[in-house]
2 protein chains.
Amino acid sequence: MVSKSKKQSELKYCYEYPRAALTADCVVFGLNDEELKVLLIQRASDPFAGSWALPGGFVEMDESLETAALRELQEETGLELAYVEQLYTFGDCGRDPRGRVVSVAYFALVRESAHAARADDDAKQVKWFSMKKLPSLAFDHEKILACAYQRLQAKVRYQPIGFELLPKKFTLTQLQRLYEIILGRILDKRNFRKKILSMNVLEELDEDEVGVARRPARLYRFHKKQYEKLARQGFNFEI
Amino acid sequence: MVSKSKKQSELKYCYEYPRAALTADCVVFGLNDEELKVLLIQRASDPFAGSWALPGGFVEMDESLETAALRELQEETGLELAYVEQLYTFGDCGRDPRGRVVSVAYFALVRESAHAARADDDAKQVKWFSMKKLPSLAFDHEKILACAYQRLQAKVRYQPIGFELLPKKFTLTQLQRLYEIILGRILDKRNFRKKILSMNVLEELDEDEVGVARRPARLYRFHKKQYEKLARQGFNFEI
DNA sequence: CCAAAAGTGTTCTCCATACACCCATGC
DNA sequence: GCATGGGTGTATGGAGAACACTTTTGG
């Protein structure tokens, strides 16, 4: 046992011994039709050809893990993001039938409408799935997705999340729906407004919703500076 | 670009292309002399021979990441733990002079007194360092340690942490000190007691502190069932 | 009897919660 | 004029924060 350990500490080890392969996968959440959605791709090749899976792929030797995640996401779905947050690393032995593959998972939130799903040249399909009607997924991607969903629910409580999921101009009701969807429970309208307005992250516009068959709602956008300040220090949105 | 991506998706890729090496490192926090400490080892060999570093080493092909972390910790420091929590994965390109090495970092809390630091057969040193007087560290281990410290401070707010850092029987003042040390600020004694007792995680013993030149304090231990229940659901310790 | 930390309650403020009605618009 | 969601205020309870003195022991 000890001699094994010694060997591992030596420089030679890393060239003489077999190595796990390394991938980066992305869980991208979006919001549409009043539902939380996740972006999946259909695998073109084995293993799990035809199955739905998280976008992702092998990390190259000269790129950071995050860069790999962003690149694979762009290549497989056409979605270009500036930032993904590291979620967790999945490295159990049996998770890939090809052998030992360790996957660093990332997650991101996007305004779904801004990014229509689009298949890449491999003619794989790319699709937004409602979190309520998920297909079964390749590898251990269901576990990864569950982990991401859990993180999202935790994050919503201490970060001014969710603006990333809405269009630039939005109504307070849209924002409230978003929180309700992620938290999975109904919120009181008056209390929600009181709380969110008291945080000073919203800027009321001189503009109303248009094209609705009822009283149009006031539009807001979020105040970037204030928003980023809150995002940094963390905060408490126990609504 | 696209053809590159295609190639990566193929099975062959993982056997034909160079791979990053994979390590697991541990940040182990303990408490002693009223200080927060971290367990470090002195490297016996290059790179960074003689430097202090986090315990850790290469992941083998047939063990999970967590198992590797626990094994390396045991081999290098003699410390046998049952559980470590995954922290973050560090994979930037320049972080190891030997080439591309990706490190999955773990962290843990221990009762320091229970585990005297002990050098292993390689005659490397193993030592507890106060978080206030740290040496400079090998690789990007300072970054990893900073990340772990941040996690600890966040965790203390929503998990009944810290019992892991104290002896089995402890006084309320010891527990309060622990929170003060981790949070870095003074707490009010009466409010602290009120809050911690109202959580029903403590069991008052029929026993007092001994050998102190003042009024001895009542000893407590924590109520495991209640504690684990709280730990699972997460809670709010905004004290 | 002195030093040192243990132990103990009350008040105030603020924030989360619960709750119901009128308003503006499109059709 | 009616259906639809938009928009608004108040009362109550509970939790966090501030705060000071008496008690018990060893030396």
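Each chain gets a letter, A, B and so on, in the order the sequences are listed, and its residues count up from 1.
Judged by a 6.0 Å distance limit and a 45° cone about the ring axis, Lys127(B) is positioned over the six-membered ring of Phe129(B).
Neither OP1 nor OP2 of dG9(C) sits under 4.0 Å from any side-chain N or O of Arg190(B). For Lys195(B) and dG16(D), the shortest distance from a side-chain N or O to OP1 or OP2 is below 4.0 Å. Phosphate proximity of dG7(D) to Arg215(A): absent, as no side-chain N or O sits under 4.0 Å from OP1 or OP2.
The 5' end of DNA chain D is approached more closely, in terms of each residue's nearest nucleotide, by Ala213(A) than by the other of Ala213(A) and Asp188(A). The residue among Lys189(A) and Arg214(A) whose nearest nucleotide of DNA chain C is located toward the 5' end is Lys189(A).
As a whole-Å value, the separation of Met199(B) CE from dA15(D) C1' is 14 Å. Asn191(A) has its CG atom 14 Å from the P atom of dT8(D), to the nearest Å. The CD-P distance, from Glu209(B) to dA5(C), rounds to 11 Å in whole Å. Rounded to a whole Å, the CZ atom of Arg218(B) is 8 Å from the P atom of dG7(C). Protein atom CD1 of Ile196(A) is 15 Å distant from nucleotide atom C1' of dA16(C), rounded to whole Å. Look at CG on Asp208(B): it is 21 Å from P on dA4(C), rounded to the nearest Å. Computed from coordinates, the Arg193(B) CZ to dA5(C) C1' distance equals 10 Å when rounded to whole Å. The CZ atom of Arg157(A) sits 14 Å away from the P atom of dA16(C) (whole-angstrom rounding).
Note on Thr173(B): only backbone sugar-phosphate atoms sit closer than 4.0 angstrom, heavy atoms only; bases stay farther off.
Under 3.5 Å, the side chain of Lys194(A) and the base of dT8(D) form no donor-acceptor pair of N or O atoms.
When each of Leu202(B), Thr173(B), Asp188(B) is tested with Arg193(B) by the rule side-chain contact (heavy atoms from CB on, under 4.5 Å), just one qualifies, namely Thr173(B). Of the options Lys169(B), Arg218(B), Arg214(B), a salt bridge (Lys or Arg N to Asp or Glu O under 4.0 Å) to Glu209(B) is made by Arg214(B) and by none of the others.
Ring planes of Tyr149(B) and Phe29(B): tilted class, angle from 30 to 60°.
Of the N and O atoms on the side chains of Asp92(B) and Ser64(A), not one donor lies less than 3.5 Å from an acceptor on the other residue.
Among the nucleotides dG7(C), dT17(C), dG6(D), the one closest to any side-chain atom of Ala217(A) is dG6(D).
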